[in-house]
Every structure is written in structure tokens, then in C-alpha cells.
Amino acid sequence: MTTRRNAIGMGLGSALAATLVGKHTARAATPAPETALIVSTWDFGAAANAAAYARFAAGGSLLDAVEAGAQVPEADASNRSVGLGGNPDRDGHVTLDAIIMDGKGNCGAVAALENYVHAISVARRVMEKTPHTFLVGDGANQFAREQGFDATNLLTPESEKAWKEWLKTAQYKPVANIENRRGGALDHDTIGILACSPDGELAGACTTSGMAYKLHGRVGDSPQAGCGLFVEGGVGAAAATGVGEEVTRIAGSARVVANLRAGLSPEAACREAVEHIVRLRGSAVSGAQVGFVAIDTAGQVGAYALMPGFTLAITDRTGHTRVLPSKSLAGPEKG
Ligand code: GLY
């Protein structure tokens, strides 16, 4: 088995030679790209896609669709990395980051939002009701209040209990890779959801409670245009998940879309961004996870991750949804 740690040690060329494909795709042939109406990060994206698909099918716009999709994990208290029930920062505050964007340059975002479940809807209001693109902290909270959003305590008993357990051994330090642990409450991350209409229009949304037990005030990649999400009309859209600092360093989603613009397939576009992180950071990203998903104007979809374990949910134009493992730099997808 090739681990990502020894893949980095082999050097990028060897690492790529050792890259294996996910369990549902063949290695030798260049597979036909997947096509989709909606694609999102992680297996919990399937429920988000269903809501997005239903909204679009009922006559909603693409923005309506991705907003409706993002609201699903935001309202799910069992999801510990998005919205209600999200892991708090080290001081016990649940702070949310979100962005929504279309292919015409319309964009709204919030960061460090507290006490409002649907950060994605506050972000959309920023886009539609202000001349700005990004509100943070107290200003974002004030705006949400003024816009009539209902305030709620986002710290559930379960997430509070886990935080208090963490405090016992954490020495009050954030842990960079506390997300993405497999098999536990922390094994999910940001949702990024991208949609492409039958006529090639694009929109995307991204929402998260960010890195668990982060320093108060930390903002990751997710709400930053070009980092957690980027949409460019006539080209494509991309979203990121994983350790936000690594995505932000390379303006990851903008890089993936630039790769699409240069003619790469969605998967190759995502892979190049992942490779660039490794080129730039080497062993500093050992053990960290970053994943990208991308869609182009034809609805072709691709993904790539640093580590095995990343999944994406794809909903086609008939409403059929599949969850697939992403290929990764480190090696084969493990069951
Ligand atoms: N990717 C989410 C975060 O790092 O905040």
C-alpha cells in the first residue's frame, strides 16, 4: 500500500506513478468524464444534492438550488462540521463560514458568523442586498439580525460534550488535522455544492463550521472566493474541502478553474491543484487532507484529493445520485 507520507518521500513523479484510482473506475483506459447537474463534497452531499435537485426541478434558479442544498447539512445537528451542531472553536463558540456564487461574478460570503444556522442564506443576502461581497464577525451577525434571521444556539449538547473532552488533553491548542479523522465524529468536513444547468449556467455554494477547535477568529478557505469556491461562467466551477490553510495558500478553487480554462478535464484540473500543494508544502502536508471537486459547462465532473477517503456525490439530470470515491495522490481508496 502506498501511503501519502511515503508518496511524498518518493517525489512527485513517483508518487503520481503510484497513484491508483478509486474502486469504481478502471485505471488503464481514460474513462469518460462523469456528467452531472449537481455535484457536492462527501457522502453527506447526497442529501444536499437531493434538495438542490428538487428545488431546481420545481422551477428554482441554480442559486436557489445550491442554497437549498447547502441548507441540508447546515440544519443537520448530527453533522459536526457544518452549521447546527458544528464543532466549536477552542473557546466554545460555533462560528460559521459560507459563500455563494454564480457564473456572472455575483458573490456573497460571511465568516465567523455566530448563532445563525443558515450561513449560506446570510451569504446570499450579502450578495443580493449589499454592495459588498464579504461580511465577517460582529458585522455579519448584525447584518443577519437586521435581515430577520432567527438567532439559535448552535452548540448542541453532543458537540459541547466532545469539546469539553478535547479540552482535557488539548492544552488549549488547536490541532491542525483534527478534521477528517475516519471512523469518528470528525470524519466529515465542508460541503461544497456545484450546479450546472442544462444550458451550461453555473452556480456554487460552500458552507462549514471550519476546523474543529480552531483559534477564535480563524477563518479557513471556505468563505473566500477563489479558495473554498470559485465559479466562472463559460468555464466551470470548483469547491474545496479539507485543511483550509492548505487550500488558501494556493487559492485552490481558482486554480482548479484556471486549469479548466486551460483545457484540463475536471479531474485533471483538481489533480494539478493537489499536486501543487505537495510541490509547495512537501512533508508539511503529510497526513493532511485536501479534496477538490469541479464541474465544467458541459456538466463534466471530476475530483481529486491528497488522501484516500474523500468522496463526492453526483446527481445527474434524471435526479439519480451516486456517491463515488475520489482518486487521491496517496493511493487506493480503502473500503
Ligand atoms: N475547509 C474548511 C476549513 O478549513 O475551514
Side-chain angles (χ1 to χ4, degrees), residues 40-45 48 70 73-74 79-83 85-91 93-101 109-114 119-120 123 134 136-137 140 154 159 163 173-182 185-194 204-230 237-256 270 273-274 277 281 284-285 287-294 303-307 309-312 326 328:
S40 60
T41 53
W42 302 108
D43 48 0
F44 67 80
E74 283 182 338
N79 185 319
R80 302 283 280 279
S81 54
V82 181
N87 286 305
D89 64 21
R90 69 174 196 172
D91 298 338
H93 302 272
V94 181
T95 64
L96 305 184
D97 302 335
I99 184 170
I100 191 163
M101 194 168 187
V110 289
L113 181 77
E114 291 188 53
I120 198 64
F134 202 172
V136 305
L154 303 180
S159 53
W163 166 63
K173 290 180 186 157
V175 180
N177 298 328
I178 201 157
E179 293 178 332
N180 311 116
R181 281 185 193 160
R182 299 297 293 172
L186 300 173
D187 68 352
H188 283 143
D189 188 286
T190 307
I191 182 157
I193 180 166
L194 311 173
C206 183
T207 183
T208 187
S209 53
M211 182 181 288
Y213 317 139
K214 58 196 175 187
L215 291 178
H216 186 58
R218 178 266 188 190
V219 174
D221 60 314
S222 301
Q224 300 187 64
C227 296
L229 177 73
F230 196 64
T241 183
V243 179
E245 283 73 4
E246 304 305 339
V247 176
T248 300
R249 289 180 216 283
I250 66 155
S253 291
R255 188 177 182 100
V256 172
C270 294
V274 170
I277 291 172
R281 300 279 289 152
V285 289
Q289 176 65 300
V290 170
F292 293 102
V293 293
Y304 216 81
L306 268 173
M307 299 277 285
F310 178 44
T311 55
L312 63 156
S326 167
S328 63

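Note that ligands are numbered from 1 as they come in the structure, with each ligand's atoms numbered from 1 the same way.
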- Query: Relative to atom 4 (O) of ligand 1, which among Glu246, Arg218, Gln289 owns the nearest non-hydrogen atom?
  - Reply: Arg218

- Message: Using a 4.0 Å heavy-atom cut-off, which part of Asp97 comes near ligand 1: side chain, backbone, both, or neither?
- Response: neither

- Item | Any residue meeting side chain to side chain contact (heavy atoms under 4.5 Å, CB included) with Ala240, in chain and number order, not counting sequence neighbours | Asp221, Val247, Ser253, Phe292

- Near Ser222 (heavy-atom distance under 4.0 Å), the atoms of ligand 1 are 1 (N), 2 (C)

- Message: To check you understand the geometry: which heavy-atom pair defines the closest contact between Val290 and Glu246, and what is its length?
- Response: CG2-CB, 3.9 Å

- Who passes side chain to side chain contact (heavy atoms under 4.5 Å, CB included) against Ala237, sequence neighbours left out? Leu194, Val231, Ile295

- Item | Thr41 side chain to Thr190 backbone, donor-acceptor under 3.5 Å | yes

- Task: Provide the closest heavy-atom pair for Ala239 versus Gly192 in the form atom of the first, atom of the second, distance.
- Result: CB-CA, 3.9 Å

- Query: Looking only at N/O atoms, are Gly210 and ligand 1 under 3.5 Å apart anywhere?
  - Reply: no

- Query: Is the His216 ring parallel, tilted or perpendicular to the His93 ring (thresholds 30°, 60°)?
  - Reply: tilted

- Query: Ile120 and Cys206: which non-hydrogen atoms are nearest, and at how many Å?
  - Reply: CD1-O, 3.8 Å

- Query: Do ligand 1 and Asp221 have nitrogen or oxygen atoms that lie under 3.5 Å from each other?
  - Reply: yes

- For Thr190, take its heavy atoms, then give the atoms of ligand 1 lying under 4.0 Å from any of them. 1 (N), 2 (C)

- Task: Output yes when the distance from some N or O of ligand 1 to some N or O of Gly220 is under 3.5 Å, and no in every other case.
- Result: no

- Task: Show which atoms of ligand 1 fall inside a sub-4.0 Å distance from at least one heavy-atom site of Met211.
- Result: 5 (O)

- Query: For ligand 1, which atoms have a heavy atom of Gly242 less than 4.0 angstrom away?
  - Reply: 1 (N), 2 (C), 3 (C), 4 (O)

